[in-house]
Amino acid sequence: MDLDFSPEDLAFRDEVRTFIAENYPKELRGKQDEGDELSKEDFLSWHKVLHKKGWVAPAWPVEYGGTGWTVTQRFIWSEETARADCIRLMPFGLTMVGPVIYTFGTPEQKAKFLPRILSGEDWWCQGYSEPGAGSDLANLRTRAVREGDHYVINGQKTWTTMAQHADWGFFLCRTDPDAKAQEGISFILVDMKTPGIEVRPIITLGGEHEVNEVFLDNVRVPVENRVFEENKGWTCAKFLLAHERVGIAGVAASKRGIERIREIAATELDGEKSLLANPFFRRKVAELEMDLTALEFTELRTLAGEAAGKGPGPESSVLKIKGSEIQQRLTELTLEMAGHYGAPYFRGFGEGDNEHPIGPGGWANRAAPSYFNTRKTTIYGGSNEIQRNIIAKMVLGL
Ligand SMILES: Cc1cc2nc3c(=O)[nH]c(=O)nc-3n(C[C@H](O)[C@H](O)[C@H](O)COP(=O)(O)OP(=O)(O)OC[C@H]3O[C@@H](n4cnc5c(N)ncnc54)[C@H](O)[C@@H]3O)c2cc1C
């Protein structure tokens, strides 16, 4: 593994830095600094800038709109966007269903959906989990029954992130109730405006509307919206989950998170000295930093494997576990720094709030909502207990 950047890589890094400095939407930056909740339009503002530049989907093959960057360039890109506190784009189109469509889809599906994912015209949601099917996903009961050239879908999905804004959803549905659990499932693309779909909000601990229940009542979907073969949707589902887990590690963003904690703790007072001078606090920061460095090397090993043509395997579970735990510890330390200033804002600031925030700044206003929100990271994308099972079986051979 060669960890030095070549002169070309360094030039690329400068190009990326300049591009972000000159093009990151100012209004979005302002909202982030204030700790405001971000809207769909906020997410789309950065998405559209990147689409215009041709940089919105670095990991996609060039023929479908990818950048053709090397693995190192992609690494630099994620480092630089995190360093500049750029928001992470919504993953459901770009890193989940997009790769499924260009890998398993028909030419018609590719032509119809991929350009709209890249432009941000279509927002997607992921309809996998159900009330009785989370970790045990293959237990899902949502039924798709074939009637001529349509499927008629009935059932319920839950925890569907951003379904309230989604134009399309990718749904796992049971198409053969008699087959073994994983063998009777199909991967179906559903227009969220189809009659019979009802999206009901679930409000999270931090007061945010991020997840939903989705009810499907006789929803008619053309058969041409099924990706890959009927009853073989599990193949697409697994492919998507392995890609989802690598992205979840969020190493670059966590590195920036530690830097921010150091910056803030250097100016916040703890008695007469800075918080960073407190040996107990400094020790927590150092421990977190060491764990993150170890994770970074695991990610680099995965990327080196990818550069050599190996897809993400079961070791992506290690990235998921350690990455999500580190994200939680970062928000714990931030809440500790905010102290009682974090308390009034435990449900976060929304648009239209007319209170004037107190305390040291946007980071403190967001400290409590972020802390609560980040509890999700060890649950979604396959809970960490399940990832430990995968490591035990697939990596350690236990
Ligand atoms: C904020 C958030 C957003 C989400 N977004 C989406 C989304 O957009 N689309 C979507 O489809 N899903 C989404 N999910 C759902 C997520 O994938 C599931 O919550 C997750 O897979 C766990 O399933 P469950 O909630 O049903 O818990 P369960 O499977 O019921 O598990 C409950 C507990 O038991 C443990 N457990 C279960 N089985 C085992 C086992 N065999 N060994 C050891 N421990 C076990 C689990 O680790 C967990 O701690 C989201 C979840 C959250 C919290």
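Numbering starts at 1 and runs along the sequence shown. Start at 1 and go down the list; that is how both ligands and their atoms are numbered.
- Of the protein's non-hydrogen atoms, the one nearest atom 29 (O) of ligand 1 is Ser135 OG, 2.5 Å.
- At a heavy-atom distance under 4.0 Å, only side-chain atoms of Ser383, from C-beta outward, approach ligand 1.
- Nearest protein heavy-atom neighbour of atom 9 (N) of ligand 1: Gln126 O, 2.7 Å.
- Closest non-hydrogen pair, Val214 versus Ala163, comes out as CG2-CB, 3.9 Å.
- Close approach of ligand 1 to Ile386 is summarised as follows: ligand atoms under 4.0 Å from at least one heavy atom of the residue are 38 (N), 39 (C), 40 (C), 41 (N).
- A tilted orientation is assigned to the rings of Trp77 and Trp69, their planes being inclined by 30° to 60°.
- Atom 44 (N) of ligand 1 has its closest protein heavy atom at Glu385 CB, 3.5 Å.
- Ranking the protein heavy atoms by distance from atom 26 (O) of ligand 1 puts Gly134 CA, 3.3 Å first.
- In terms of protein heavy-atom proximity, atom 17 (O) of ligand 1 is closest to Ser129 OG, 3.5 Å.
- Listed by atom number, the atoms of ligand 1 under 4.0 Å from Tyr128 heavy atoms are 11 (O).
- A tilted orientation is assigned to the rings of Trp55 and Phe12, their planes being inclined by 30° to 60°.
- Scanning both residues, Asn154 and Asn218, for their nearest heavy atoms gives OD1-N, 2.7 Å.
- The shortest contact between atom 52 (C) of ligand 1 and any protein heavy atom is with Tyr380 CB, 3.9 Å.
- Between Asp42 and Ser39, the side chains place a donor N or O and an acceptor N or O closer than 3.5 Å (distance only, hydrogens not considered).
- Geometrically, Arg375 engages Tyr371 in a cation-pi contact, judged by NZ or CZ lying under 6.0 Å from the ring centre and within 45° of the ring axis.
- Contact annotation: for Val211 versus ligand 1, heavy atoms closer than 4.0 Å belong to the side chain alone.
- The nearest protein heavy atom to atom 35 (C) of ligand 1 is not closer than 4.0 Å.
- Counting protein heavy atoms only, atom 8 (O) of ligand 1 is closest to Thr161 N, 2.9 Å.
- Tested against Thr378 for a side chain to side chain donor-acceptor pair (under 3.5 Å), the candidates Lys320, Gln328, Gln327, Glu325 yield a single pass: Gln328.
- Ranking protein heavy atoms by distance to atom 42 (N) of ligand 1, first place goes to Asn389 ND2, 3.1 Å.
- In summary, the aromatic rings of Phe187 and Phe104 are positioned with their centroids too far apart to meet the 6.0 Å limit.
- Those atoms of ligand 1 that come under 4.0 Å of a heavy atom in Ile379, given as number and element, are 19 (O), 20 (C).
- Of the listed options Phe171, Phe170, Trp159, Trp159 places a heavy atom closest to atom 14 (N) of ligand 1.
- Considering both main-chain and side-chain atoms, Thr160 never comes within under 3.5 Å of ligand 1 through any nitrogen or oxygen pair.
- Across all their heavy atoms, Trp60 and Leu94 have their closest contact at NE1-O, 2.8 Å.
- Taking every heavy atom of Lys376 and a limit of under 4.0 angstrom, the matching atoms of ligand 1 come to 1 (C).
- In this structure, atom 50 (C) of ligand 1 has protein heavy atoms in its sub-4.0 angstrom surroundings.
- For the pair Glu259 and Arg256, the salt-bridge criterion is met [side-chain N within less than 4.0 Å of a carboxylate O].
- A pairwise comparison of heavy atoms in Asp9 and Phe5 identifies CB-CB, 3.9 Å as the closest pair.
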